[in-house]
Amino acid sequence: MLEIKYVRQNLSEVYSALKNRGDSADLEAFQAAEISRREMLAEIEELRHRRNVVSDEIAGMKKRGKDAGDRVAQMREVSGRIKALEKSLAESEEILQEILIRLPNIPHPSVPVGKDEADNPVNRVVGTPRVFDFTPKAHWTIGEDLKILDFERASKITGARFPLLFGAGARMERALINFMLELHTTEHGYTEVLPPFIVNRKTMTGTGQLPKFQEDLFKLENWDYFLIPTAEVPVTNIYQDEILEEDQLPICYTACTPCFRSEAGSYGKDTRGLIRQHQFNKVEMVKFTTPETSYDELEHLVLNAETVLQRLDLPYRVITLCTGDLGFSAAKTYDIEVWMPAQDKYREISSCSNFEGFQARRAGIRFKRKDKKGTEPVHTLNGSGLAVGRTLAAILENYQQADGSVVVPEALRPYMGGREVIEL
RNA sequence: GGAGAGGUGGCCGAGCGGCUGAAGGCGCCGCUCUCGAAAAGCGGUAUCCUGUAACCGGGAUCGUGGGUUCAAAUCCCACCCUCUCCGCCA
């Protein structure tokens with residue numbers, strides 16, 4: 001959420017930010033509602049002030065045994081007016097809130113202006129895609145042939161887009177989770193967290209999934225609860241409505257959770273394999289920082305995610321999302337894309353963003369500076385480190401051999417009982 | 001699921017219709033004392049909104065939302081959450 005004062009005072013900047021994102025909002029209505037809100041507020045506060053003063057008088061008179069009947073009658077009328085005005089004020093505030101809560105974040109000045117993913121600049125390309133002396137197979141074929149992936153039975157159990165792993169496949173998923181968490185906690189300074197996988201509406205609103213994107217979520221029947229689409233949601237909301245001390249920052253958490261996404265509107269995309277599932281595991285990194293350090297922390301965050309790919313020796317590249325491709329809550333986002341030989345393409349495997357104070361304002365996460373009165377929103381960041389299902393898919397494709405077997409990346413072997421190859 | 005207790009400031013805890021944004025204690029910050037520290041003493045220590053160039057002022061907030069009243073932390077209603085006991089259960 002943007003600060004109401006900021007929007008009021010920087011209407012044209014907000015307007016152009018929206019335009020660059022390919023978004024829009026009724027800023028005229030906002031401005032009108034904001035003006036009338038403040039007018040009403042001034043009037044209400046004046047009346048309340050009078051009521052407070054006269055009520056004190058009444059108290060004093062009663063104590064001295066004087067009759068205060070006329071003042072009581074007067075205040076009865078004033079209270080009626082206050083009540084009526086409060087009602088219109090609440091309506092006005094609701095309109096404002098409706099608009100404000102749906103405004104996306106303002107992109108950071110360093111974010112390139114662009115229309116869609118075609119305009120995302122590539123920052124760096126790391127690793128060289130392997131040259132195959134046979135035609136590389138897609139990971140779903142490799143997995144099914146090795147009997148470690150079974151999409152057909154998964155769809156019987158639930159439906160399309162759910163994973164079912166067996167044997168070395170399930171083991172590798174677990175190995176990847178342990179490998180990533182171990183790396184982030186012991187080498188990158190993150191604290192491991194195990195949060196709830198189901199959260200309430202307020203929490204979903206705090207990180208920006210609601211109210212605009214409810215169709216992307218799974219909602220529980222008869223509960224106002226939702227399945228998390230990423231660990232970002234419960235982990236960022238750990239400090240919802242809290243005031244942190246400056247010297248507590250930065251706070252760095254990592255969590256592995258299943259992620260549940262309805263994938264509404266993705267019909268026909270990635271219909272096979274592990275790339276786009278309704279349920280997948282992801283190791284997430286979340287940071288709470290001061291405003292002046294958040295962009296440095298973002299660079300570190302990306303490097304932390306990249307380290308996972310480097311250790312696994314998977315080729316990748318890093319891109320910056322342009323304004324038109326940027327997510328709702330983010331001020332700046334780097335995507336990491338891993339090389340997928342069968343598709344002959346780089347595919348997203350991590351997304352690392354700085355949300356600045358956008359989520360913090362929604363979720364009420366503030367901090368207090370030493371020797372300075374008042375509070376400020378913290379800056380929140382998060383990034384995948386990494387999406388586990390996609391990492392597994394990348395390993396299957398990049399490490400496949402002509403005979404259909406798959407070599408286990410060296411970094412992963414300690415987590416797989418020393419196993420070197422997956423074969424039938 | 002059944003029975004009970006409770007939600008007040010960073011923490012503990014009083015208040016149970018007006019003089020209470022809230023006693024007292026702890027913690028924290030500053031000052032005095034001290035060679036220094038401790039102890040002791042004094043002072044200061046919530047958040048949000050709003051007006052003002054600023055000094056400073058106004059309003060709101062005692063789990064949340066409604067209600068009663070001239071006036072609510074205090075009374076009434078609903079909801080949420082926490083704790084204890086019983087039952088059930090991975």
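Letters A, B, ... are given to chains in the order of the sequence lines, protein chains preceding strands, and every chain is numbered from 1.
When each of A:D56 and A:I4 is assigned the nucleotide of RNA chain B with its nearest heavy atom, A:D56 is the one assigned upstream, toward the 5' end. Annotation: of the two residues near RNA chain B, A:R37 and A:R71, the 5′-most nearest-nucleotide partner is A:R37.
No salt bridge links A:E86 with A:K83; every basic N to acidic carboxylate O contact stays at or beyond 4.0 Å. By the 4.0 Å N-to-carboxylate-O rule, A:R102 lies close enough to A:E98 to be salt-bridged with it. Using a cutoff of 4.0 Å between basic side-chain nitrogens and carboxylate oxygens, A:R390 and A:D270 are not scored as salt-bridged.
Side-chain contact, A:N281 with A:E173: a donor N or O sits under 3.5 Å from an acceptor N or O. With 3.5 Å as the limit, one finds no donor-acceptor pair spanning the side chains of A:T236 and A:T207.
Within residues 76-92 of chain A, the residues that place at least one heavy atom under 4.0 Å from RNA chain B are, in residue-number order, A:R76, A:S79, A:K83.
Closest contact between the side chain of A:R8 and the listed nucleotides B:rC48, B:rG18, B:rU50 involves B:rU50.
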Legend entry - Annotated protein contacts, base or backbone, on nucleotides 52-66 of chain B with a non-hydrogen cut-off under 4.0 Å, one of B, S, - each: ------BSS------

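Note on A:K368: a side-chain N or O is less than 4.0 Å away from OP1 or OP2 of B:rU47.
Consecutive Watson-Crick or G-U pairing (both distances under 3.5 Å) extending over three or more pairs maps onto RNA chain B as B:1-7 with B:80-86, B:10-12 with B:24-26, B:27-32 with B:40-45, B:46-51 with B:56-61, B:63-67 with B:75-79.
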